[in-house]
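Working notes, structure below.
Counting convention: from 1, in listed order, for ligands and their atoms alike.
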Amino acid sequence: MSKNRSQLKVIVLGDSGVGKTCLLNRFVRCEFSQNYRATIGADFLSKEVILNSKHISLQLWDTAGQERFQSLGASFYRGADVCILVYDITCQKSFESIISWKQEFISQCGPSNPENFPFMVIGNKCDLDNQRAVNQAKSYQWAKELNLPLIEASAKDDIRIQEAFLEASKLALERE
Ligand code: GDP
Ligand code: MG
């Protein structure tokens, strides 16, 4: 059974600098700028997509740099339908943070059924394969064991961005 929802709240978490804001700008505005600073200037960006032949309005929530202090307000988490966890394939520490961001989400958002809540992991900056610090085979294996869908993507070169966000949206729709 799928939810009869026309709006989905998508939140994006991960260490500062992994490329969350760039991913959202790529997906929503089809652009990339090397010089973005912390915020998108609003609580969320909107984008209409068609999923399972239905028009869905995505509300995409970015942090405004507060992730450095792990202190995102309650409104950020409230009513989230899916959580995208982002790391940078050139930064091992950002990969190791994924699990604590997932825990943070569960404790702050308090989804009714944490075991079933949809998460999606994006390994960003796959254009920088020559600077890779996170082994690709190992990360896919890790994700498989944890039952987390993982997609390596690049906001800069527009690699698998649509795929990643649409997959995350589908997971949200399929829940329940
Ligand atoms: P945030 O703190 O997670 O929101 O990260 P930003 O979106 O502000 O990006 C941090 C830095 O990473 C910026 O200098 C971006 O230009 C760079 N960046 C973001 N995405 C990519 C990518 O796909 N490839 C490369 N090479 N750099 C990226
Ligand atoms: Mg940002």
**OP:** From atom 9 (O) of ligand 1, work out which of Gly19, Cys126, Ala155 has a heavy atom at the shortest distance.
**Re:** Gly19
Original post:
Relative to the heavy atoms of Thr21, which atoms of ligand 1 are at a distance of less than 4.0 Å?
Top reply: 4 (O), 7 (O)
Original post:
Hey, is there an N, O or S on Thr21 sitting under 2.8 Å from the Mg ion (ligand 2)?
Top reply: yes
Subject >> Pairs touching residues 114-130 that satisfy side-chain hydrogen bond (donor to acceptor under 3.5 Å, both in side chains), sequence neighbours left out >> reply: Asp88-Lys125, Asp127-Ser154, Asp129-Arg132
**OP:** Report the part of Thr63 (side chain from C-beta onward, or backbone N, CA, C, O) that has a heavy atom under 4.0 Å from ligand 1; answer both or neither where that applies.
**Re:** neither
Subject >> ligand 1 contact on Asp127 by region, counting heavy-atom pairs under 4.0 Å >> reply: side chain
**OP:** State whether Phe27 and Lys47 meet the cation-pi test: NZ (Lys) or CZ (Arg) under 6.0 Å from the six-membered ring centroid, and within 45° of the perpendicular axis.
**Re:** yes
**OP:** Return the orientation label for the Phe105 and Phe119 ring planes: parallel under 30°, perpendicular over 60°, tilted otherwise.
**Re:** perpendicular
Original post:
Under 3.5 Å, N or O to N or O, is Gly17 touching ligand 1 that way?
Top reply: yes
Original post:
Would a 4.5 Å heavy-atom cut-off, applied to side chains only, mark Ser97 and Tyr87 as touching?
Top reply: no
Subject >> Polar atom proximity, Asp62 to ligand 1 (N or O, under 3.5 Å) >> reply: no
Original post:
Applying side-chain hydrogen bond (donor to acceptor under 3.5 Å, both in side chains), which residue pairs with at least one partner in residues 138-147 are found, sequence neighbours left out?
Top reply: Gln141-Glu145
**OP:** Look at atom 15 (C) of ligand 1 and find which of Ala153, Cys91, Cys22, Ser154 reaches it with the closest heavy atom.
**Re:** Cys22
